[in-house]
Amino acid sequence: MEYNVEKIRADFPGLDRRFYGHEMVYLDNTATSQTPRQVVDEIEAMYYNRKANVHRGVSSISQEATDCQEETRRRVAGWIGARSVEEVIFTRGTTEGINLVAASYGQRFKAGDEVILTVMEHHSNIVPWQLLASRTGIKLRVVSLCDDMSTLDLEVYRSLFNERTVMASFCHVSNVLGTVNPVAEMIAIAHSHGVPVLVDGAQAVPHMRVDVSALDADFYVFSAHKMYGPTGVGVLYGKRELLESMPPYQGGGEMIGTVSFEGTTWADLPFKFEAGTPDFVGISALKKSIDYIESIGYEAIDRHERELLDYATAEMMKIEGMRLFGTACHKSAVISFLIGNAHHYDTGMLLDKLGIQVRTGHHCAEPLMHVLGIEGTVRASLAMYNTFEEIDRFIAALKRIAPMLV
C-alpha cells in the first residue's frame, strides 16, 4: 500500500501553523510529537460524556469511565506483549516510571551495591539512581561509547558486572544520537549474571514495535506524548513477580486493600502503584494513539522515516561546516548537528525565523555532551507525518544560515 503522508497530515491540525510568514516545519518530535484529531476527539468525548472518577462508584457514568481506562490497559498489554494486564502500570510518563522503580525496587539495595547505566542516558535515567545512591550508598557504573562515538561498548558493559551488581538500566534509543541499542543482547547479558533490567523506551515505541516478553525486559517505560498521544500519561511495564515483591511508590486512595490506624494492606496489581485519581481521560486517549499508529503500521512508518533520515543526512553533509553526531548504522530518525563552531542556540534561533522548529541544548543528556566534547547540539527529529518537501525546506534554511555561522 502506498504511504499517503498527506492523508496522515490531514489528521494533525497542529501542523498547520505559520511563524514569521513561513509555513511551519515541525522537527522536534523526539521532545514531543503532534497529536491527531482522533486522540483529541477521545479527550473531548471523555470530558463531555464520561467524566466521573474511576473504580470508585456504582453509577453508570463511573462504570463507563472505568471501562475506558481498563480497555486501554488491555490494549497496552497486548500491544507491548505483556503476559497480563496486571503488569501494566499507568504513570505520568517515562520519568515517573523510572523514579517508581528506583524508589520502590531500589529499597532492597544496600551500600556498595552497583547499578549499571550508560553514557547515553537521559537525565531521567540518571538522577533517580543518584538520589537512590545518596540515600543508600549504592554505586553507579557507566558504560562508555566505542571509538565511533555513536555506539555503546559492549565489552565494557560485560566487564562491569560483578557480585555487587543489582540492576542495569539503559535506553532503547538514544534521544541525542538516535542509536538503537542492542537491548535484547544487553538484557541477556544482564540476566546471565542474575541482574534485572529496566529499559527506557521513550524514544523507541513511536518508531518500532516493542515486545517486552520477547526482549525479556524486567521493566520497560515509555510516555504517551512522544507517540502522538496526550501529555501527562505514561506506562511502566514490570514482570508480575517483581511488581508483587515491591512496596507501593505512593500512598493514598485506590492503592489500598484495607486501611486502619493500626495498619494498612495494599491493593492487588496493578492498582498498588496507582495512588489517587489517575488521568483516566488521557489514559483513554492513549488507546487512540496506539490505534492510530497501528492503522499506519510500524513497517510503513519505519520505511518512511528511514527514507527521510537518509535523504536529510546526505543533503546535510553537503553543507560547509556541518558536523553530525550519531552515525550508527542502526539508528532512529534523529539528527543532532552543529554548524562549524556556531552555538547551537544561534542556529536554532535562525532556523525558527524561517519556520523550522528544532530543539537546541544538551537535550537532558549533559554527561553525553561532555563525552562528545560539546555543550549541546541542534536536533532535528522526524515523525511519520514529515515530508520530503519539509526536508528540502530544512536544507534550504540550513544553506541560507550556514554562511552566517561558519
Side-chain angles (χ1 to χ4, degrees), residues 69-70 72-109 113 115-117 121-122 124-125 128-129 131-132 138 165-172 181 183-184 186-188 190-191 193-205 209-224 226-227 233-252 254-257 266-276 278-279 283 286 290:
Q69 173 175 295
E70 295 311 309
T72 299
R73 198 187 307 273
R74 291 189 292 272
R75 183 74 169 98
V76 170
W79 185 59
I80 64 173
R83 293 171 297 178
S84 70
V85 295
E86 289 80 10
E87 295 179 319
V88 174
I89 311 298
F90 290 124
T91 67
R92 292 180 299 154
T94 301
T95 297
E96 185 175 51
I98 297 172
N99 275 274
L100 190 161
V101 175
S104 180
Y105 188 80
Q107 287 188 28
R108 67 192 67 196
F109 302 164
D113 287 346
V115 172
I116 296 175
L117 307 176
E121 301 313 310
H122 190 280
S124 62
N125 200 26
W129 303 109
L131 291 173
L132 182 63
I138 65 169
T165 307
V166 292
M167 173 72 77
S169 187
F170 44 78
C171 59
H172 198 152
N181 289 318
V183 293
M186 294 174 72
I187 291 170
H191 286 176
H193 295 274
V195 174
V197 172
L198 181 151
V199 179
D200 171 1
Q203 302 300 338
V205 292
R209 183 170 299 282
V210 171
D211 186 326
V212 294
S213 295
L215 290 174
D216 200 20
D218 301 287
F219 301 102
Y220 197 99
V221 292
F222 58 91
S223 301
K226 296 180 187 295
M227 45 174 285
V233 175
V235 170
L236 162 65
Y237 159 81
K239 288 182 177 177
R240 177 195 288 271
E241 58 271 24
L242 296 179
L243 293 173
E244 288 180 338
S245 71
M246 293 160 53
Y249 174 53
Q250 295 176 321
E254 192 59 31
M255 48 73 65
I256 54 88
W266 315 131
D268 293 333
L269 293 175
F271 307 112
K272 180 173 72 170
F273 295 105
E274 295 179 357
D279 183 0
I283 290 169
L286 168 59
I290 295 172

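Keep in mind that this is a model prediction, so the values were computed, not measured.
Here the OG atom belonging to S104 is positioned 8.5 Å from the CG atom belonging to L243, to the nearest 0.5 angstrom. Within the model, atoms OG of S169 and CD1 of I116 stand 11.0 Å from one another, a figure rounded to the nearest 0.5 Å. We find the CZ-CD1 distance between R73 and I283 to be 7.0 Å, quoted to the nearest 0.5 Å. Between the CG atom of D218 and the CD1 atom of I187 there is a distance of 7.5 Å, given to the nearest 0.5 Å. Remark: N125 CG to I98 CD1 distance equals 4.0 Å, nearest 0.5 Å. The CG atom of L117 sits 7.5 Å away from the CH2 atom of W129 when rounded to the nearest 0.5 Å.
Counting heavy atoms from C-beta outward, V166 and I138 have side chains that stay 4.5 Å or more apart. Between H122 and C171, every side-chain heavy-atom pair lies at or beyond the 4.5 Å cut-off.
Classification of the F222-W79 ring pair by plane angle, with boundaries at 30° and 60°, yields perpendicular.
The neighbour count for R75 CZ, taken as heavy atoms of other residues, nucleotides or ligands under 6.0 Å away, is above 12.
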Let me check something: any side-chain donor-acceptor pairs from residues 193-205 under 3.5 Å, sequence neighbours excluded? List them with distances.
{"from": "D200", "atom 1": "OD1", "to": "A202", "atom 2": "N", "distance (Å)": "3.0"}
{"from": "Q203", "atom 1": "NE2", "to": "T30", "atom 2": "O", "distance (Å)": "3.2"}

(message) Between Q250 and L100, does the side chain to side chain contact (heavy atoms under 4.5 Å, CB included) criterion hold? Intermediate values first, please.
(response) CA-CA 9 Å; Q250 295 176 321; L100 190 161; over 6 Å; no

(request) Apply the test side chain to side chain contact (heavy atoms under 4.5 Å, CB included) to residues L286 and V76: give CA-CA distance (whole Å), side-chain angles for both, the deciding distance (0.1 Å), then the verdict. (result) CA-CA 9 Å; L286 168 59; V76 170; 4.0 Å; yes

(request) Might you work through the side chain to side chain contact (heavy atoms under 4.5 Å, CB included) test for Y220 and L215, ending with a clear yes or no? (result) CA-CA 10 Å; Y220 197 99; L215 290 174; 4.3 Å; yes

(request) Determine, stepwise, if the pair F219 / Y105 fulfils ring pair (Phe, Tyr, Trp, His ring centres under 6.0 Å). (result) CA-CA 11 Å; F219 301 102; Y105 188 80; 5.7 Å; yes

(message) Set out, in order, the CA-CA distance, both residues' side-chain angles and the distance that settles side chain to side chain contact (heavy atoms under 4.5 Å, CB included) for D216 and H191, then state yes or no.
(response) CA-CA 9 Å; D216 200 20; H191 286 176; 3.0 Å; yes

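E86 and P270 get closest at one heavy-atom pair: O-CB, 3.7 Å. Scanning both residues, G252 and A275, for their nearest heavy atoms gives N-CB, 4.2 Å.
Taking 4.0 Å as the cut-off between side-chain N and carboxylate O, R83 and E241 count as a salt-bridged pair. Under a 4.0 Å N-O distance rule, the pair D113/R108 does not qualify as a salt bridge. A salt bridge links R240 with E244: the closest approach of a Lys/Arg side-chain nitrogen to an acidic carboxylate oxygen falls below 4.0 angstrom.
Between the side chain of E274 and the backbone N or O of F90 there is at least one donor-acceptor pair closer than 3.5 Å. Side chain of N181 to main chain of V183: no donor-acceptor pair is present (N/O by atom type, distance under 3.5 Å, no hydrogens or angles). Side-chain atoms of E254 do not come within 3.5 Å of backbone N or O of F271 as any donor-acceptor pair. Remark: the backbone N or O of M246 is paired with a side-chain donor or acceptor of K272 at under 3.5 angstrom. Without hydrogens or angle criteria, T94 side chain to S223 main chain gives a donor-acceptor distance under 3.5 Å.
Applying the side-chain contact (heavy atoms from CB on, under 4.5 Å) criterion to N99, with sequence neighbours excluded, gives T95, P128, Y249.
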